[in-house]
S.K.: 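Dropping a structure here in structure tokens format, bear with me for questions.
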Amino acid sequence: RIHFFVKRQKRKSLLNRKKDVLDKALAMEIISKEEYEQKLNIARKKVENFEEIKKIEQQFEMGIITKEEKDEKINAILNA
């Protein structure tokens, strides 16, 4: 349980850092508001679906699915 909590905190920390970078890029007008929202949404989905994405990557590493299947499954999660 503690291990899961630590991993969850690390993922949230990574999300916060990504958000800080996106906030700065938006303030500097390097990206549009739409790009900001899209990139932030994908970062959130990566955190929210970490375990599911991890399992998909493990399936690929074990040779259960192809790279194309892995990419397709992950993209389906991130673009849902």
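Worth knowing before you read on, the calculation uses all heavy atoms, side chains too, and leaves out hydrogens, waters and symmetry mates. Everything numeric here is computed off the predicted structure, so don't read it as measured data.
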S.K.: Counting only heavy atoms not in K39, do more than 12 fall under 6.0 Å of its NZ?
M.R.: no
S.K.: Are F50 and I74 linked, directly or through other ILVMFWY residues, by side chains that come within less than 4.5 angstrom of each other?
M.R.: no
S.K.: Look up atom CD1 in I31 and atom CG in L22, then write down how far apart they are to the nearest 0.5 Å.
M.R.: 5.0 Å
S.K.: Sequence neighbours left out, what pairs pass salt bridge (charged side-chain N to carboxylate O under 4.0 Å, His left out) with at least one residue falling in residues 12-21?
M.R.: K19-D23
S.K.: Are more than 12 heavy atoms from other residues, nucleotides or ligands located less than 6.0 Å from atom CD of E57?
M.R.: yes
S.K.: Nearest 0.5 angstrom please: I77 CD1 to K73 NZ, how far?
M.R.: 9.0 Å
S.K.: Between K33 and E37, is a salt bridge (charged side-chain N to carboxylate O under 4.0 Å, His left out) present by the stated rule, with each step listed?
M.R.: CA-CA 6 Å; K33 183 70 174 168; E37 293 296 335; 3.3 Å; yes
S.K.: Check salt bridge (Lys or Arg N to Asp or Glu O under 4.0 Å) between E69 and all other residues, then give those that pass, not counting sequence neighbours.
M.R.: none
S.K.: Would one find more than 12 heavy atoms of other residues, nucleotides or ligands at under 6.0 Å from atom NZ of K46?
M.R.: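 Open.
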S.K.: Please tell me whether I56 and M62 are part of a single hydrophobic cluster in this structure, the criterion being side-chain heavy atoms less than 4.5 Å apart.
M.R.: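 Yes.
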S.K.: Are I42 and L15 connected in a single hydrophobic cluster, I mean Ile/Leu/Val/Met/Phe/Trp/Tyr linked by side-chain heavy atoms less than 4.5 Å apart?
M.R.: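 No, L15 does not connect to I42 through the hydrophobic network.
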S.K.: CG of N41 to CG of L78: how many Å apart, nearest 0.5 Å?
M.R.: 9.0 Å
S.K.: CD of E34 to CG of L26: how many Å apart, nearest 0.5 Å?
M.R.: 9.5 Å
S.K.: Atom CD of E48 and atom CZ of R11: how far apart are they, to the nearest 0.5 Å?
M.R.: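 Between atom CD of E48 and atom CZ of R11 there are 10.5 Å.
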S.K.: By side chain to side chain donor-acceptor pair (under 3.5 Å), which residues pair with D71, not counting sequence neighbours?
M.R.: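 Residues passing side chain to side chain donor-acceptor pair (under 3.5 Å) with D71: K67.
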S.K.: I'd like to know if L14 and I53 are part of one continuous hydrophobic network [Ile/Leu/Val/Met/Phe/Trp/Tyr, side-chain heavy atoms within less than 4.5 Å].
M.R.: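 In one cluster with I53: L14, no.
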S.K.: Using modelled atom types only, decide if a donor and an acceptor are shared between the side chain of E35 and the backbone of S32 within a distance under 3.5 Å.
M.R.: yes
S.K.: In Å, rounded to the nearest 0.5 Å, how long is the span from OG1 of T66 to CD of E72?
M.R.: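 One finds 8.5 Å between OG1 of T66 and CD of E72.
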